[in-house]
Protein chains: 2
Amino acid sequence: MTDTAPSTATRRYGTRPTMKDVAARAGVGLKTVSRVVNGEPGVTPDTERRVQEAITALGFRRNDSARILRKGRTASIGLVLEDLADPFYGPLSRAVEEIARAHGALLINGSSAEDPEREQELVLALCARRVDGLVIIPAGHDHRYLAPEMAAGVATVFVDRPAGRVDADAVLSDSFGGSRDAIAHLIAHGHRRIGFVGDLPGIHTATERLRGYHAAMSDAGLPVHDAWVSLGPTDPERVRAAATAMLNAAEPVTALFAGNNRVTVTVVRVLAERPEPAAPVALVGFDDFELADLLSPGITVIAQDSAQLGRTAADLLFRRLDGAGGDPQRVVLPTRLIPRGSGELPPPATSTP
Amino acid sequence: MTDTAPSTATRRYGTRPTMKDVAARAGVGLKTVSRVVNGEPGVTPDTERRVQEAITALGFRRNDSARILRKGRTASIGLVLEDLADPFYGPLSRAVEEIARAHGALLINGSSAEDPEREQELVLALCARRVDGLVIIPAGHDHRYLAPEMAAGVATVFVDRPAGRVDADAVLSDSFGGSRDAIAHLIAHGHRRIGFVGDLPGIHTATERLRGYHAAMSDAGLPVHDAWVSLGPTDPERVRAAATAMLNAAEPVTALFAGNNRVTVTVVRVLAERPEPAAPVALVGFDDFELADLLSPGITVIAQDSAQLGRTAADLLFRRLDGAGGDPQRVVLPTRLIPRGSGELPPPATSTP
DNA sequence: CCCGGCGCTGACAACGTTGTCCAGGGGCTA
DNA sequence: TAGCCCCTGGACAACGTTGTCAGCGCCGGG
């Protein structure tokens, strides 16, 4: 029984045809196949046709591993973020991908789960793959492990949080200014006792936002009680406990500021579950989120454009890859206060003596 | 001036040290370095120490491109989805990543933007990288282009929608059953004129959900007007127009079924913007989404576990990579109706004669 | 004392591609 | 018609790693 079946039957499972096979089948030299595959000039139309036929007949596809090894550039960039499932990072990674695609690069990504060790492990794995560049939302505070890589030419841009102990490009949101605006907004609406529920104190944005809180309070000449500030993990239990404690204290807070969108969502739930006669509590959240306008009241937020963050970072990365020199930059993107109702609620009458 | 500066100065920018360099510096053979790097046995502690020192001194990192070329396996899998920024895919890709990580594999991903050509381009680029396997949320309907790749041993699992014109594993949600349940739920609450706003008719889930709609209507002996069904892109303008038309018709629908979470969100907005005296319209959406319970009324949804979808697909993929044979499987995961209020609103009195 | 075997090490080829370089043939010009 | 140049095609090395295999020295047993 003669085997006239299509390509797939002519080679054993798991083995792919190479340019050599294509060359043999087309009756040409190896390099000619390479030229055809890469669209290089210098091949007769007739020869090219023969090669193309051999390629489709064998189901050949260029092995990029070999190509990368030879050329030194991988046409891929790595993205390390905290959690792919967090809605804040969706638009960001999509924006990075879009820019990468425009530059013909693939995106390899991974989540650090806010674990510095895992971040390092991931970053080094990406470096071993010889990605051309890295976009990192850092979890740790010491990125000296990156120094040899950066020195070897791996372009690196940090996003949302700056690098630790290493000099690198960074694209950030104005956490300090945004928070100060938020608190000033609440103060302008009559609040004096304002609670802050934020992320882990080790995270740069968390401390910046806290700094903004303190700045606005002190600008207004208002005292800050320790009990009004809570930093910690953003899991619902912790946030719920922190917010509840502030609301049920002897001198309860009349407004809350939530340090990121995870916190905001949980605080919204806590407020929604309060028994009816309770006085409404004002709320401003850092980060916009979908449907914030449809809740009642709408949630006032400090919006940062996460897609813009990603775009800016990726643009900078590719500029570096294209050879742009100069000292590491720090780009800070402005935030925008979007009033929707929850931040404009006045404090209860009794609390403004 | 003698160069005693650290490693980075000893090699010119952009060139990385190789095992050969390490071997030379440690005064050992190439293969010994390889052994140390890979933790293979048969190296004297003393030799190992010398090699380790050379590695850190030079800032050596193994070049995985070469390793991959040599070994044939890349320890990476590709994920192609529709849009990284869509909240439905966040948990899914996170789940896939988690499983990949457990198997020591990296995740390379890309968005097809619902464009079949872009999907193919991406998939083939991933194949050229020789990913070990692929998880695909297909945009197109003809995946014959994958046949040579699959024959060559690239494990492939389709998620959320089945493959077209090619026999492959698929992990799906029960779109048909979920929709039928949703419509039956609305019918049970007294509705007779129910609108369906869905995704593009080319998308498998969209037609399945429409089929469920028709099945439930016909089970209840209810007629379906053409004007009650609208399939199309899920951009807000189209959805807004479709929903508004159904609500303002001479015989308006009293309930709406939204074919996915993008649609649901827009419909919620449309309903929220209706002038006050309008009768409340019931709504059930396919896909759960964050905060659905906090809107008033809460939005009744057909929940599908997108993380579970991803986990199941990735598990299946790695089973295939571990050599599991057998015919392509189709796994269908159940959906769950979560009543929250919007689906239990009765029709206005006048419409139940 | 000699031999077999074992533990450690290194030389070498191969993975599949691309860059360099050279050869041959055909057409054009003097 | 002869010589030169350009156009096409191919041989070969190199990218950095790992698998194979062979060699060397040392130890224990006969």
Side-chain angles (χ1 to χ4, degrees), chain A residues 11-12 14-52 54-55 58-75 125 127-132 152-153, chain B residues 11-12 14-52 54-55 58-75 125 127-132 152-153:
Chain A
R11 305 196 59 84
R12 72 178 185 286
T15 304
R16 307 209 47 150
T18 73
M19 284 193 179
K20 207 163 140 192
D21 300 318
V22 175
R25 170 145 187 159
V28 301
L30 192 52
K31 183 64 218 221
T32 301
V33 177
S34 172
R35 274 193 267 262
V36 171
V37 169
N38 294 297
E40 286 171 25
V43 180
T44 319
D46 182 61
T47 309
E48 171 162 3
R49 191 185 43 73
R50 282 215 319 284
V51 172
Q52 285 293 5
I55 288 178
L58 295 174
F60 167 79
R61 183 148 339 271
R62 181 177 63 198
N63 184 330
D64 272 354
S65 296
R67 169 172 233 251
I68 287 167
L69 175 60
R70 186 64 231 261
K71 303 202 76 151
R73 278 265 161 139
T74 59
C127 288
R129 290 290 171 112
R130 294 293 188 270
V131 291
D132 296 335
Chain B
R11 306 196 58 84
R12 72 178 184 286
T15 302
R16 308 208 48 149
T18 72
M19 283 193 178
K20 206 165 142 189
D21 300 318
V22 175
R25 170 144 187 160
V28 301
L30 191 51
K31 182 65 218 220
T32 301
V33 177
S34 172
R35 274 192 267 263
V36 170
V37 169
N38 294 296
E40 286 170 26
V43 181
T44 318
D46 181 60
T47 310
E48 172 162 3
R49 191 186 42 71
R50 284 215 319 284
V51 172
Q52 285 292 7
I55 287 178
L58 295 174
F60 166 80
R61 184 151 335 272
R62 182 178 63 199
N63 184 330
D64 272 353
S65 296
R67 169 173 233 252
I68 287 166
L69 175 61
R70 188 62 234 260
K71 305 202 74 152
R73 278 264 160 139
T74 58
C127 288
R129 292 291 172 112
R130 295 291 188 270
V131 291
D132 297 335

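Owing to the predicted nature of the structure, the values given are computational and were not obtained by experimental measurement. Proteins get letters first, then strands, A, B, ... in listed order; numbering begins at 1 in each.
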Between atom CD in Glu48(A) and atom P in dC7(D), what is the gap in whole Å?
17 Å
Mind listing the N/O atom pairs, protein and nucleotides 10-16 of chain C, below 3.5 Å?
unit_1, atom_1, unit_2, atom_2, d
dG10(C), OP1, Gly29(B), N, 3.3
dG10(C), OP2, Gly29(B), N, 2.7
dG10(C), OP2, Thr32(B), OG1, 2.6
dG10(C), O5', Gly29(B), N, 3.4
dG10(C), N7, Arg35(B), NH2, 2.8
dA14(C), N3, Arg70(B), NH1, 3.4

Hey, does Thr74(A) have a side-chain heavy atom less than 4.5 Å from the side chain of Arg129(A)?
no
Which residues share a side-chain contact (heavy atoms from CB on, under 4.5 Å) with Lys31(B), sequence neighbours left out
Ser34(B), Arg35(B), Glu40(B)
Paired with Thr32(B), the side chain to side chain contact (heavy atoms under 4.5 Å, CB included) test is passed by just one of Thr47(B), Val37(B), Val22(B), namely Thr47(B)
What residues form a side-chain contact (heavy atoms from CB on, under 4.5 Å) with Arg49(B), not counting sequence neighbours?
Asp46(B), Glu53(B)
Check whether any side-chain heavy atom of Arg25(A) lies under 4.5 Å from a side-chain heavy atom of Leu58(A), and answer yes or no.
yes
Please tell me if the side chains of Val36(B) and Val33(B) come closer than 4.5 Å, counting only heavy atoms from C-beta onward.
no
Which part of the nucleic acid, if any, lies within reach of Val37(B) when heavy atoms closer than 4.0 Å are counted: base, sugar-phosphate only, or nothing?
nothing
Tell me the interatomic distance from Arg73(A), atom CZ, to dT17(C), atom C1', rounded to whole angstroms.
18 Å
What is the nucleic acid contact for Asn38(A), judged by heavy atoms within less than 4.0 Å: base, sugar-phosphate only, or nothing?
sugar-phosphate
